[in-house]
Student: 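One structure, as structure tokens, below. Some questions next.
As the structure lists them, so they are numbered: ligands from 1, and atoms in each ligand from 1.
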Amino acid sequence: MAQRILDALRQPIFLQEHELVVTTSIGIALVPQDGRDPDTLLKNADRAMYAAKESGRNRFQFFDPSMASRLQERFALEAGMRRGLAHGAFHVHFQPQIDARTHIILGMEALLRWDDPEMGSISPTKFIPVAEETGLIVPLGEFVFHEALSFNKRLQAEGLPPIRVAVNLSSAQMLDPQLLEHIERCIILTGADPHYLEVEVTESVLLEGSGQALAALHRMKELGITLALDDFGTGYSSLSYLHQYPFDILKIDQSFVQALSHPSQGRNLATAIIAMGKSLGMELVAEGVEHLDQANFLLARGCHKAQGFLYGHPMSPEDFRAFYWERMGGEPVG
Ligand code: C2E
Ligand code: CA
Ligand code: CA
């Protein structure tokens with residue numbers, strides 16, 4: 001029955017000259033195992049529907065009891081994030097991007113960290129999706145921009161060679177009509193030069209946002225911000241995509257870099273991605289470089305900008321500052 005409903009609703013609808021497609025997600029709760037009263041049944045059917053949406057939409061999903069505990073975990077995360085924002089439990093760490101030939105620092109990526117007094121340290125892969133759903137990503141994103149720009153400004157004021165700082169943007173942020181205003185405000189507040197700011201988005205952002213995301217990217221570009229396509233190769237990018245969007249940098253996804261340690265399978269893909277990026281005139285950054293053999297392979301193919309544990313883990317601002325000074329053969333002052 002559920003499948004028949006999905007099939008029936010999947011038929012395109014023609015509205016004037018537009019062809020519209022509706023996707024459906026169905027959650028199913030059964031009597032008596034999933035509840036004996038209408039309230040419980042509807043609530044559990046609703047949870048099953050969210051699970052159907054999460055696993056890719058356009059499908060049906062039966063309720064199972066583990067969904068209830070997942071929902072509770074989400075609530076705990078949301079409440080924890082609100083507390084954390086008010087009490088300074090969020091921090092931004094910085095991971096260096098280096099020239100694998102000379103080990104000179106070329107840039108850094110800002111990565112959000114959250115240490116909750118009760119739940120401990122929580123991974124951004126876990127809390128960012130909840131922050132997106134609850135809208136908390138907006139104040140969190142503003143916090144990251146502010147921290148990243150002011151830290152970079154401080155390094156420059158100390159006399160270190162200026163580098164760009166890269167900030168990650170999720171789909172919810174790209175669809176926020178006030179995003180550009182926030183960024184511009186942070187630039188003014190910190191006195192940072194937008195030429196030293198880079199923004200990283202993934203391919204999924206482009207698919208979900210389409211027109212709106214493209215407009216936001218163009219406005220950032222006008223401000224002088226550098227644009228990087230993150231996790232490249234994991235989504236559905238085609239060459240036509242790359243042409244359509246104003247990216248300067250392709251970040252080769254970690255999975256391809258890690259596959260370099262298993263010859264045959266991974267090597268051809270990485271080689272092809274590098275060749276493609278180069279022929280399109282893009283700058284390339286390899287992510288997740290952990291071993292020397294990976295770095296050497298990338299170098300031999302002409303990709304010399306690298307980021308990964310081999311060169312430096314994400315660090316607190318203080319540690320990054322010391323790391324940078326040490327590379328420059330000096331001592332931080334103050
Ligand atoms: P990402 O943008 O792809 O960031 C790279 C991730 O790879 C980071 O994980 C980093 O710690 C990790 N990494 C770096 N080098 C290596 C390596 O050599 N080996 C391995 N195995 N991992 C490495 P992290 O910090 O846990 O962040 C996970 C994801 O969370 C990020 O993936 C990004 O999508 C998201 N994220 C982090 N901070 C922010 C933020 O401020 N805003 C938004 N919207 N998303 C963020
Ligand atoms: Ca990134
Ligand atoms: Ca990435």
Side-chain angles (χ1 to χ4, degrees), residues 77 81 84-85 89-98 100 107-115 120-149 151-152 164-176 179 182-183 186 197-205 208-209 213 216 226-235 237 247 249-261 273 284-295 298 305-317 319-320:
L77 281 176
M81 275 192 276
L85 263 167
F90 286 95
H91 305 278
V92 178
H93 280 196
F94 297 90
Q95 186 177 32
Q97 299 177 336
I98 65 100
M108 56 183 165
E109 177 174 4
L111 293 160
L112 192 54
R113 295 289 174 262
W114 176 25
D115 295 306
S121 139
I122 299 149
S123 161
T125 52
K126 202 162 171 187
F127 70 78
I128 298 267
V130 182
E132 288 212 293
E133 273 174 34
T134 54
L136 286 170
I137 192 71
V138 172
L140 272 177
E142 253 191 284
F143 170 75
V144 176
F145 269 110
H146 189 271
E147 294 297 296
L149 288 175
F151 177 57
N152 201 22
R164 280 196 306 256
V165 63
V167 173
N168 291 284
L169 283 184
S170 65
S171 5
Q173 290 174 283
M174 285 297 285
L175 296 180
D176 174 9
L179 170 70
H182 288 321
I183 297 179
C186 269
L197 175 61
E198 188 173 311
V199 155
E200 296 189 2
V201 299
T202 61
E203 296 161 47
S204 60
V205 166
E208 284 170 34
T226 303
L227 304 177
L229 185 55
D230 205 353
D231 304 343
F232 182 67
T234 57
S237 291
F247 288 107
I249 297 174
L250 284 185
K251 293 194 80 175
I252 305 171
D253 188 65
Q254 317 199 348
S255 56
F256 299 110
V257 175
Q258 265 133 40
L260 292 178
S261 296
I273 290 175
L284 290 155
V285 180
E287 271 195 304
V289 180
E290 294 182 358
H291 305 293
L292 206 54
D293 63 317
Q294 297 163 346
L298 293 160
K305 195 166 173 183
Q307 180 180 346
F309 296 165
L310 178 64
Y311 304 106
H313 283 253
M315 300 169 227
S316 70
D319 288 348
F320 188 95

Student: Can you confirm whether some protein heavy atom lies under 4.0 Å from atom 34 (O) of ligand 1, or whether none does?
Tutor: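 Protein heavy atoms within 4.0 Å of atom 34 (O) of ligand 1 - there are none.
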Student: Is the shortest N/O to N/O distance between Leu112 and ligand 1 below 3.5 Å?
Tutor: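 By distance alone, the answer is yes.
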Student: Looking at ligand 1, would His313 count as a contact under a 4.0 Å heavy-atom criterion?
Tutor: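 Contact check His313 vs ligand 1: negative.
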Student: Give the residue and atom name of whichever protein heavy atom lies nearest to atom 6 (C) of ligand 1, and the separation in Å to one decimal.
Tutor: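 Among all protein heavy atoms, the one nearest atom 6 (C) of ligand 1 is Gln254 NE2, 3.6 Å.
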Student: Does a salt bridge link Glu198 with Lys251, judged by any charged N lying under 4.0 Å from a carboxylate O?
Tutor: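 No.
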Student: Nearest protein heavy atom to atom 36 (N) of ligand 1, by residue and atom, and its distance?
Tutor: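 Atom 36 (N) of ligand 1 sits closest to the protein heavy atom Pro124 CB, 4.1 Å.
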Student: Distances under 3.0 Å only: what protein N/O/S atoms are near the Ca ion (ligand 2), ordered by chain and residue?
Tutor: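 Checking every protein N, O and S atom gives Glu109 OE2, Asn168 OD1, Glu200 OE1, Asp230 OD2.
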Student: Could you tell me if any non-hydrogen atom of His93 lies under 4.0 Å from any atom of ligand 1?
Tutor: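 The answer is no: ligand 1 sits nowhere under 4.0 Å from a heavy atom of His93.
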Student: Below the 3.5 angstrom mark, is there an N/O of Thr125, backbone or side chain, next to an N/O of ligand 1?
Tutor: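 No, since none of the N or O atoms of Thr125 sits under 3.5 Å from an N or O of ligand 1.
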Student: Considering only the protein, which heavy-atom contact is closest to atom 15 (N) of ligand 1, and what is its distance?
Tutor: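 Closest protein heavy atom to atom 15 (N) of ligand 1: Gln95 NE2, 3.0 Å.
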Student: Show the atoms of ligand 1 that are less than 4.0 angstrom away from any heavy atom in Glu290.
Tutor: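 Counting from 1, the qualifying ligand atoms are 17 (C), 18 (O), 19 (N), 20 (C), 21 (N).
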Student: As a quick check of understanding, evaluate side-chain hydrogen bond (donor to acceptor under 3.5 Å, both in side chains) for Thr234 and Glu203, giving each step before the final call.
Tutor: CA-CA 8 Å; Thr234 57; Glu203 296 161 47; 4.6 Å; no
Student: I'd like to know whether ligand 1 has Glu132 as a neighbour, heavy-atom separation below 4.0 Å.
Tutor: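 Glu132 does not count as a contact of ligand 1 under the 4.0 Å cut-off.
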Student: Of the protein's non-hydrogen atoms, which lies at the shortest distance from atom 3 (O) of ligand 1, and what is that distance?
Tutor: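 The answer is Asp231 OD1, 3.3 Å.
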Student: Does any N or O atom in Ser123 lie less than 3.5 angstrom from one in ligand 1, N or O only?
Tutor: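 No, no N or O pair falls under 3.5 Å.
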Student: Tell me, please: is Gln307 in heavy-atom contact with ligand 1, that is, under 4.0 Å?
Tutor: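 No; Gln307 lies far enough from ligand 1 that no heavy-atom distance drops under 4.0 Å.
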Student: Name the one of Gln95, Glu287, Gln254 that satisfies side chain to side chain donor-acceptor pair (under 3.5 Å) with Gln307?
Tutor: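 Option passing the side chain to side chain donor-acceptor pair (under 3.5 Å) with Gln307: Gln95.
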Student: Among all protein non-hydrogen atoms, which one is nearest to atom 16 (C) of ligand 1, and what is the separation to 0.1 Å?
Tutor: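 Closest protein heavy atom to atom 16 (C) of ligand 1: Phe309 CE2, 3.2 Å.
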Student: As an exercise, identify every atom of ligand 1 less than 4.0 angstrom from a heavy atom of Gln173.
Tutor: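 Near Gln173, the atoms of ligand 1 are 44 (N).
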